[in-house]
Amino acid sequence: MSLRLRLTILYTIVVGIVLVLASVMVFSLVSAFLLDQVNTSLAQTAASLIEVLRVDNRNQFDIRSVANFRPADNIVYQVWGDNRVLQISYPWAQKDPLDDQGLWAGKMVFTADYAPGSNLQVLSVPLKTERGPSGVLQIGYKLDLINMTRRTLASVLTMLTLLAMFIAAFAAWMVTGHTLEPLEIVTNVATHIIRADDLQRRIPITGPQDDEVGRLINAFNQTLERMESLFNSQRRFLADVSHELRTPLTVIKGNIGLIRKYKKVDEETLLSIDAEVDRLTRLVGDLLLLGQAETGKLVLNLEKVALDTLLLEVYQQMKTLAGERVKLEIVEIDQVEVSGDKDRLKQVLLNLVGNAVHYSRAGGEVKLSLRREAARAVIVVEDDGTGIPAEDLPHIFERFYRGEKSRTRSPDSGYGLGLSIAYWIIENHQGGIEVESEINKGSRFIVWLPINPPDPVL
Ligand code: ADP
């Protein structure tokens, strides 16, 4: 059964229950009110009749005193004395008591019988005089009109309830149809995406953005967006990896061809093969590391690392690389200790300083600093080199992303993996890495790491 049908049925049933309860209440109230009116009228008639009823000189009820009593059209009465009926109201020729039990009740009683078919509401009033005679006055109220009113009321209420349920069902069917329409579209688009493998499609939001359906569509569209970007990056990644693998393999294959052709191995060929194998090994190592980092499986050998010592080591190592071409200096160094994987942190620093040196012009300056700032250590690597174009900035931490200028392959050019690896390493240390750069002015890479909380004093 469809959700639309289920909601419609549920809504109609709820409306039906409420209306039936309301109808029963209205019917009972009206019935009680009418009965009350009848009883009041009976009591008034009884009082008027008793007022005119006299006792004759034979100590009997004097029927003549009430002979001219004319009650309302729908009221009849009987006067009983000595177990026989003394007087009945015109035109009723009924000699049986209007209410058998009321006759012997010995007190004023209304027949509470209000069942269908009973056409009279009867009031029995015992008659007693000080001088002896006793009897009963029974007054009946013809309920035909009231019963008709009740029947009409019941039919009107039933019809109204049925009509209201029909309208409620129709309204619920239309409203749920309209409300669920976007879900139908979501289902169709999802099916289309699965069938056609088309992640570019989005679901249009026709209604308000912030209601339940709008939020669902938004969430669905965001999921599609994420899936599309993952899919694309997966595709790009595969293309990049195959591209990066092909070049060294072609070089190696070419060199082997030369060896085979000339039947001799010269040092230059061997060096070239060696360099390409090194590049391949680096690429595979980087990919493995990145894979581990991105799946959260990067195992860090955590220990206490003195960042100042580490920075000095990196400085010494990179000074050789910078040589005379670039001036490398440490402008500030605090003593800071963090908990981390020393080799991985060194890898990050080598990459950042390596890039800074690589993208510096001859005579450029690369400044390193390590500062303790509240609960974190801040390392800054700053150069005054080529800078990074604004359009490249948001992407440089992506895998295989290389700026326009770095895309031409040179023996020492990287694969565009260094910064994404650095990003993941720092992320796995609960730290952060940021970049500020301006084209032709230089770049500033800022790494921050949380400092060990001090050991508790015992
Ligand atoms: P690569 O191995 O190509 O250097 P990275 O991931 O380390 O890969 O860097 C990605 C890209 O970011 C580089 O190709 C380069 O365009 C840009 N980049 C990184 N560091 C710097 C820097 N200090 N100055 C200018 N550009 C930089």
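All values derive from a computational prediction rather than experimental measurement. Start at 1 and go down the list; that is how both ligands and their atoms are numbered.
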Ligand 1 N/O within reach of N355 N/O, cut-off under 3.5 Å: yes
Should the proximity of [X] to ligand 1, defined as any heavy atom under 4.0 Å, be assigned to the side chain, the backbone, both, or neither?
X: T386; result: side chain
X: I388; result: side chain
X: L352; result: neither

Give the atoms of ligand 1, by number and element, whose distance to some non-hydrogen atom of [X] is under 4.0 Å.
X: Y415; answer: 2 (O)
X: Y401; answer: 10 (C), 11 (C)
X: N351; answer: 7 (O)

R444 bridged to E382 by N-O distance under 4.0 Å: yes
N351 side chain vs Q347 backbone, donor-acceptor pair below 3.5 Å: no
Backbone N/O of A32 and side chain of D36: donor-acceptor pair under 3.5 Å: no
Proximity flag F445 to ligand 1, non-hydrogen atoms under 4.0 Å: yes
Contact check, side chains of S23 and L160, non-hydrogen atoms, under 4.5 Å: no
Proximity winner for atom 3 (O) of ligand 1, if only heavy atoms of R402, R399, R444, H358 are counted: R402
